[in-house]
Amino acid sequence: MSRLVLIDGSSYLYRAFHALPPLSNAAGEPTGALFGVVNMLRATLKEKPEYVAFVVDAPGKTFRDEMYAEYKANRPPMPDDLRAQVQPMCDIVQALGIDILRVEGVEADDVIGTLALAAARDGLEVTISTGDKDFAQLVRPGVVLVNTMTGSRTDSDAAVMDKFGVRADQIVDYLALMGDTVDNVPGVEKCGPKTAAKWLAEYNDLDGVIAAAPTMKGKIGENLRAALPRLPLNRALVTIRTDVALEQGPRDLQLREQDADSLRALYARYGFTQALRELGGVAAPAAADDAKVSLRGTAAGYAKAGDTAPAAGTDPALAAKGEYETVLTAGQLQAWVERLQGAEEFAFDTETDALDAMRANLVGISLAVEPGKGAYIPVGHDYPGAPAQLPMQQVLDALRPLLEDAGRKKLGQHGKYDIHVLRRHGIQVRGYADDTMLESFVLNSTATRHDMDSLAQRYLGYTTTKFEEVAGKGAKQIPFSQVGIDEASAYAAEDADITLRLHRVLSAQLAAEPSLEKVYREIEMPLVPVLARIEANGVAIDAAELKRQSSDLSARMLAAQQKATELAGHTFNLDSPKQLQAVLFDELGLPALVKTPKGQPSTNEEALEAIAEQHELPRVILEYRGLAKLRSTYTDKLPEMVNPDTGRVHTSYHQSGAATGRLSSSDPNLQNIPIRTEDGRRIRQAFVAPPGRKLMACDYSQIELRIMAHLSEDPGLIRAFEQGADVHRATAAEVFGRALEEVTPNERRAAKAINFGLMYGMSAFGLAKNLGIDRGQAQDYVALYFSRYPAVRDFMERMRVQAREQGYVETLFGRRLYLNDIHARNQGLRAGAERAAINAPMQGTAADIIKRAMVSVDGWLADHADRARMILQVHDELVFEADSAFIQTLQAEVEARMSAAANLRVPLVVDTGIGENWDEAH
DNA sequence: GTGGGCCCGTAC
DNA sequence: GACGTACGGGCCCACG
């Protein structure tokens, strides 16, 4: 379907002017607002709409001024620095091939409204691009709202409801009630978004609210009655007209070819280097992006924008169905080997009979060297009537020289899995050069999914064949080895083909962002084989000991359960928060002091602690909970996870697991093994070194706090680290004005809570809760802290501002975290995004550093593989298993490499422990 | 039966 | 509403 984008030029210009710093070009001409608008336009055009209009206000009075003399009366004249940017803006819009509309007697809003509805009637998809919430009144099927500067999108009644708490058809009444100070339209005094939404929910529309006014209670009722006479006028003023007589219809607004020469001159004049670079030296600039990814090599073939691309901004050829070959004969295999030999880089993928890479058996291999073509080589399909396949060994032997050659570049999607499978079938993959999952992750870690199906949809507009479609799901699922070869081939060859196509698109996007490409190339890709080795190494556990612990825990749980039954007067399920809530708060009448996010009375630890003085039961529940958690999550589970082939536990590390760049771990998660309580530490004791070996745990001391010192450059905090071992004590001494040795335990505890809390963007409220002090005192602590470490406060504010202006924050190494909610209307979401903006540079930089250290250490370990192995990573800690006689050498080398993984303004200290088990090694 | 939301709790 | 990033277990309800 063709698309029309209506751009609210005036609104963007004003918003960019106020949101961005007062930039200027070399000649001193102001460019800040222009820069924002140009970025917005470039983003809009990347979506390749067929029709576009840039609508601005015409000078002079409009019909609204006739209706209401005071309309916009208190609006200051346009600042000179902004006025100076209007003409350049129009020049750039023209050069981009976009029509500019300016209609006298009405506002830009009315022109947009009229065109939007006309276009929707005409069967076009309409996108209104604006920063103005008033347009929400136009949202309906076929008409969506986007704010390209913030990335927000309002595309349905549900989305309007979500943002404003009213339906799209109630927006006019909603605005009429609230009024608009900027336009000098007074609404009902003290009636903001909340009240307006509440009334409309109750009385449906403005007429309903007006009818209910006489009986409305309180001050707000008086205010409403006072405002009654002007509400109909308000409604008229905020209603966007959709019946303006226009010279052009929607279909007259076709996007024209852009004038590259003019654009280049304009971009150069105003210093827009990124935009200029995108134009490049290519004759047809609009296709510059495409040229890099084009299958047809059409560098000069400027495809008209709005071509029938199935997804926004993609090359149609990249979304077409491919042609796939099933390799069943030696001749076919040989032909493919030759094809791979001639390729600069090829994509490969394995099919197996299980998800667990450490157990799965190879069923087939797929390959691709050019987009749209692919092969599947089945080697393990086994079902009645299955065709004869090439012997697995013959296939592996034929491919081995290619897969093991470090000089021959390979590409995959989540290739770590395939590396495991192939290793377990006798092939050591080398030269694994690119991974589309990691490309996607580095480009935008906030996108939660980086699986191939999602990427294909997102970047190619291509709908892949799903695993479930060929193998079924749930109880009806069959192993891939029993899937018919023809079906399997269509599915599997597509995987390799799509991986290749995705790489064309993603690598081009990375190339446009050098700092991200560096993160991808220098941190993430080198880490892949390292993680594969750590996972393959696995860790030895004492399963018998864990089973003993399970029995012990069970006995204690039973005792707690009996006690609980006695105290409650009847049996109930202690594992059920719902039943527990009924017992505590309904039957026993204890106060429900804490609520869950959904408003239910909470039974979490904090809530139970709060009522533990009043009744015995809460303590018993807490005891039970602690035991149950340890048993179900750890002592019962871990023995089940021992791999029968290796006798060890092999976790999976997810490289695209956490948006900040941290790894995550699952199946089992070995990054949350207990450490704080005695019972918990017993579990760590079951992570053991085999006879003759020892475990060594090396962790970065206070790495995130050190990074905060580095990034903020705060002299006081830097000094605290230089002073020595205990930074919390040093902080307490500084904040409370004591000598180091005079710091009391309470002062140290407070300093520690502040240090940690700050890194998470915690408020005085949170600190008060944490320390059990009142809010005023917590506020005093924070103020005192910031007075001693002012650069820390500046750093945090800088991160908030950067997040708001750029939409993302960065780590020391250039990794980016986009904050999608940084401009959310919902205050809670927005505040959360601000906290994440503060935390991400520290957490993410720590992640970058330990990843670099892992690659470095792994490089050294390659020559000592029989004496020492890396076996675990827990965010700031690396765990090794080594021959007892080798431990000292290992310790010196690992500590040196970990410390050298970054060069900060404070020392990067590593603490090491050694023992027979993981607990002892701490 | 299964999938998913919710609540809770473990780690850094 | 109020502290960032994860994973996972049990409950419980909707759904097929």
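Order of the sequence lines sets the chain letters (A, B, ...), proteins ahead of strands, with each chain counted from 1. Worth saying up front: this structure is predicted, and the values here are computed from it rather than measured.
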Legend entry - Aromatic ring proximity, centroids under 6.0 angstrom, F756(A) and H728(A): yes
Inset, instruction - Scan G757(A) against the nucleic acid and name what it touches under 4.0 Å (heavy atoms): base, sugar-phosphate only, or nothing. - result: nothing
Legend entry - Residue-level proximity of residues 671-681 of chain A to DNA chain B when a heavy atom falls under 4.0 Å: Q671(A), N672(A), I673(A), P674(A), I675(A), R676(A)
Legend entry - Aromatic ring proximity Y785(A)/Y789(A), centre distance under 6.0 Å: yes
Legend entry - Whole-Å distance separating the CG atom of L630(A) from the C1' atom of dG9(B): 10 Å
Inset, instruction - Return the nearest nucleotide to the side chain of N669(A); candidates are dC7(B), dA2(C), dG8(C). - result: dG8(C)
Legend entry - Nearest-nucleotide pick for S664(A), side chain only, options being dA2(C), dC7(C), dC3(C): dC7(C)
Legend entry - Partners passing salt bridge (Lys or Arg N to Asp or Glu O under 4.0 Å) against D774(A) (at least two apart in sequence or in another chain): none
Inset, instruction - Assign A628(A) to base, sugar-phosphate, or nothing according to its heavy-atom contacts below 4.0 angstrom with the strands shown. - result: nothing
Inset, instruction - Whole angstrom is fine here: how far is it from CG in L771(A) over to P in dC3(C)? - result: 12 Å
Inset, instruction - Considering only atom C1', compute the distance from dG5(B) to dA2(C) and round it to an integer number of Å. - result: 24 Å
Inset, instruction - May I ask you to verify if any side-chain N or O of S602(A) is less than 4.0 angstrom from the OP1 or OP2 atom of dC8(B)? - result: yes
Inset, instruction - Return the value, rounded to whole Å, for the distance between atom CG of N826(A) and atom P of dG1(C). - result: 10 Å
Legend entry - I838(A) CD1 - dA2(C) P separation (whole Å): 15 Å
Legend entry - Proximity to the side chain of T596(A) - top-ranked nucleotide from dC12(B), dC8(B), dC3(C): dC8(B)
Inset, instruction - To the nearest Å, give me how far apart CD (E468(A)) and P (dT2(B)) are. - result: 13 Å
Legend entry - Any donor-acceptor N or O pair under 3.5 Å, side chains Q477(A), E468(A): no
Legend entry - Of the listed nucleotides dA2(C), dG4(C), dT10(B), the one nearest the side chain of Q843(A): dG4(C)
Legend entry - Distance-only donor-acceptor test (3.5 Å): side chain R662(A), base dC12(B): yes
Inset, instruction - Going 5' to 3' through nucleotides 9-16 of chain C, assign each nucleotide B (protein heavy atom under 4.0 Å from a base atom), S (under 4.0 Å only from sugar-phosphate atoms) or - (no protein heavy atom that close). - result: SSSSS---
Legend entry - Partners meeting side-chain contact (heavy atoms from CB on, under 4.5 Å) with M557(A) (sequence neighbours left out): Y624(A), L627(A), A628(A), R631(A)
Legend entry - Worked check of salt bridge (charged side-chain N to carboxylate O under 4.0 Å, His left out) between E535(A) and R648(A): CA-CA 10 Å; E535(A) 292 174 358; R648(A) 295 165 71 100; over 6 Å; no
Inset, instruction - Name all residues meeting the side-chain contact (heavy atoms from CB on, under 4.5 Å) criterion together with A847(A); count only those two or more places apart in sequence or in a different chain, and write none if there are none. - result: R662(A)
Inset, instruction - Among the candidates dC8(B), dC7(C), dC12(B), find the nucleotide nearest to the side-chain atoms of R625(A). - result: dC8(B)
Inset, instruction - Please list, chain by chain and in numerical order, all residues satisfying ring-ring contact (aromatic ring centres under 6.0 Å, His included) with F880(A), sequence neighbours excluded. - result: none
Inset, instruction - Decide, yes or no, whether a salt bridge links D679(A) with R682(A) under the criterion of side-chain N to carboxylate O below 4.0 Å. - result: yes
Inset, instruction - Would you kindly give the CZ-to-P distance between F756(A) and dT5(C), to the nearest whole Å? - result: 17 Å
